[in-house]
Amino acid sequence: MFDFGIIPPAMFVGMVIFMLYGFPVAFSLAAVGLFFAIIGIATGHFSEAFLQALPLRFFGIVSNDLLLAIPFFTFMGAILERCGLAEDLLEGMGKLFGRIPGGLAYAVILVGAVLGAITGTVAASVITMGVISLPIMLRYGYSPRLATGVIAASGTITQVIPPSLVLVVLADQLGKSVGDMYLGAIGPSILQVAIFMLYILTLSIVKPSSVPPLPKDVRGDFTWALLFRVLAGMVPSIVLIFLVLGTIFMGLATPTEAGALGVVGAMVLAAMNRRLTWPLVQQAMRSTMHITSMVVMILIGSTCFSLVFQGMDGSRWIEHMLSGIPGGPVGFLIFVNIFIFVLAFFLDFFEIAFIVIPMLAPVASALGIDLIWFGVLICVNMQTSFMHPPFGFALFYLRSIASRDVKTSDIYMGALPWVGMQLILVAIVIFWPQSVTYWLDKGPQVDPNSIKIEVPGFGNNGLSLPPMSAPGGASPQIPGLTLPPMNGLPEQPPASAPPDLSKPPEIK
């Protein structure tokens, strides 16, 4: 463990102590990095030449075009949070599915998936669905644990469904394309929704009283007008999803450009719902400014820490420890996911992405693990950070809008089955990599052994080359063409006799 010195382990422990003490993460990381840089310079374990790269790294952060996608997606989600789209979707789908057992839960899961695809923010999804759906579910016989659990879990699907901010950050930290990360996340997103809906289906069969259908006087009759109303709420969402994701997948726009298109689409939807007001735009801009500033400051602090950590051979220390884990790549992935699951009790996804991922990515690459698969797997794991009690942010959001009749213990206990289902998805992605890599465009696959080069015009039915030697070892002769001898240099014409310099030149 100490083959690379005591300073790298001490840096890691110091970082954990600072953050557990409650200091802001960005400043804690920068302070720990610079403090150990001074110690390393004084003890001869660190060269001050590394610090000359800090200004260049800071400039690289603020000039990174990819990170511009974060404020665009954040602003888009803040606009959509208040434009009334979620309310229309929940009301329409609730009436559409309300006639079957568990219909309200199905509606919440599907609307959570749609909101995840157009907003990318957990807070917007959980708060919106909690305000609208929680009172209705409690009123018509759903238990508080089931109702709060399905709302919180459906909101956290946002972390996996593109255009998730987590995927943007992970793509930047892993040095991979955001479009590839989005494509890789499609399979796990579909699996997560399917697992949640399968759980509700099982409950409706085993214990139908826990997921009763809506009364007929509430849901109304199934009419074409109801179906048209649901479709009218879905079509603008589908158009916006195409603007954001379709243009990226088709190569028509970069993630930053797609985010800008999404902002325009969100403002158009808000205007269509007659909710595009100046106070709404101000609130969205303020929320975007806070999140973007937090991300940039954490990036700057993590850059200070990682530069000093690498200068102290910390990356080699991490690789030395983790590459020897039994089980090879699978053992490494199991250990990493347990480690991140525990860290998620104390850190949010931005902090994990900026601090831990740069340490783990080189080890994953050295073990031959596809970094897109690795990044999507970490994203699936980090969605549990919003759900597991007592520190899950989705549970905090739900507690803030739930009535006093809903106990905090019910919210926490209701979250546990859904955390288990999220961990089932983690296991599926580990042992079934094709759930991620199937969607990636790997280009044409060619076996080099099957390549056969044929030159047209030669052979039995075409031209043929002359023999390489003539009878008697002479060079082959072709009419109209004189070839040099094959066993020596070309014959040179005899040299002329040198001039007689004892006589004057003869003029003719």
Side-chain angles (χ1 to χ4, degrees), residues 66 69 113 116-117 120 156-195 245 248-249 251 255 315 318-319 321-344 349-350 352-386 421-445:
L66 177 60
T156 58
I157 300 178
T158 301
Q159 295 301 293
V160 183
I161 295 180
S164 167
L165 292 181
V166 181
L167 293 172
V168 175
V169 173
L170 287 173
D172 177 69
Q173 294 299 300
L174 294 172
K176 293 297 181 179
S177 165
V178 175
D180 286 344
M181 292 293 290
Y182 283 173
L183 284 172
I186 291 177
S189 302
I190 297 173
L191 287 173
Q192 187 71 92
V193 173
I195 291 172
L245 297 180
I248 296 177
F249 294 157
S315 58
I318 294 289
E319 183 175 353
M321 285 199 309
L322 298 184
S323 59
I325 293 177
V330 174
F332 167 77
L333 290 175
I334 293 174
F335 171 81
V336 165
N337 279 276
I338 294 174
F339 177 61
I340 290 180
F341 180 78
V342 174
L343 280 183
F349 63 91
F350 281 124
I352 293 174
F354 292 143
I355 299 170
V356 181
I357 299 304
M359 300 180 186
L360 300 177
V363 185
S365 181
L367 291 174
I369 297 173
D370 187 292
L371 291 184
I372 297 293
W373 173 37
F374 183 69
V376 173
L377 175 61
I378 297 302
C379 181
V380 171
N381 192 333
M382 284 197 292
Q383 73 171 331
T384 62
S385 67
F386 285 86
M421 284 181 273
Q422 290 173 337
L423 293 178
I424 289 175
L425 180 61
V426 172
I428 291 174
V429 175
I430 290 177
F431 294 102
W432 187 30
Q434 290 77 14
S435 61
V436 174
T437 58
Y438 175 80
W439 302 90
L440 298 177
D441 182 13
K442 298 182 180 299
Q445 302 295 321

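No experiment lies behind these values; they were computed from the predicted model shown. All residue numbers refer to positions in the sequence shown, counting from 1.
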Exercise for the section: Indicate the ring-plane relationship of F249 and Y182, choosing parallel, tilted or perpendicular according to the 30° and 60° boundaries. Expected result: perpendicular

Practice task
Nearest 0.5 Å please: distance from the OG1 atom of T384 over to the CD atom of Q422.
Solution key: 6.0 Å

Practice task
Please step through side-chain contact (heavy atoms from CB on, under 4.5 Å) for the pair L191 and W432, ending with a clear verdict.
Solution key: CA-CA 12 Å; L191 287 173; W432 187 30; 4.1 Å; yes

Handout entry: Separation of I340 CD1 from I378 CD1 (nearest 0.5 Å)
Key = 3.5 Å

Exercise for the section: Could you tell me whether the side chain of P255 reaches within less than 4.5 Å of the side chain of V168, counting heavy atoms only? Expected result: no

Completion exercise
d(I195 CD1, I190 CD1) to nearest 0.5 Å is 12.0 Å

Exercise for the section: Rounded to the nearest 0.5 Å, what's the gap from CG on L170 to CE on M181? Could you check? Expected result: 5.0 Å

Exercise for the section: Please confirm whether the backbone N or O of V429 pairs with a side-chain atom of W373, one donor and one acceptor, at under 3.5 Å? Expected result: yes

Handout entry: Partner set under side-chain contact (heavy atoms from CB on, under 4.5 Å) for S177, not counting sequence neighbours
Key = D180

Problem - ring pair (Phe, Tyr, Trp, His ring centres under 6.0 Å) partners for F341, two or more places apart - result: F345, H388

Practice task
Supply the atom-to-atom distance I372 CD1 to L174 CG, rounded to the nearest 0.5 angstrom.
Solution key: 7.5 Å

Exercise for the section: Look only at the side chain of N337 and the backbone of L333, and say whether a donor-acceptor pair between them is shorter than 3.5 Å. Expected result: yes

Problem - Rounded distance [0.5 Å steps], CG in L371 versus CD in Q173 - result: 12.5 Å

Exercise for the section: List the atom of F332, the atom of L360, and the distance in Å for their closest heavy-atom pair. Expected result: CZ-O, 4.0 Å

Practice task
Flag the pair L377 / V426 as yes when at least one side-chain heavy-atom distance between them is below 4.5 Å, and no otherwise.
Solution key: yes

Problem - side-chain hydrogen bond (donor to acceptor under 3.5 Å, both in side chains) against S189, all qualifying residues, sequence neighbours excluded - result: none

Handout entry: Shortest non-hydrogen separation from A185 to L167 and the atoms involved
Key = CB-CD1, 3.7 Å

Handout entry: Audit row: Q192, V160, side-chain contact (heavy atoms from CB on, under 4.5 Å) steps and yes/no
Key = CA-CA 9 Å; Q192 187 71 92; V160 183; 5.6 Å; no

Handout entry: Taking every non-hydrogen atom, the tightest pair across V380 and P188
Key = CG2-CB, 4.0 Å

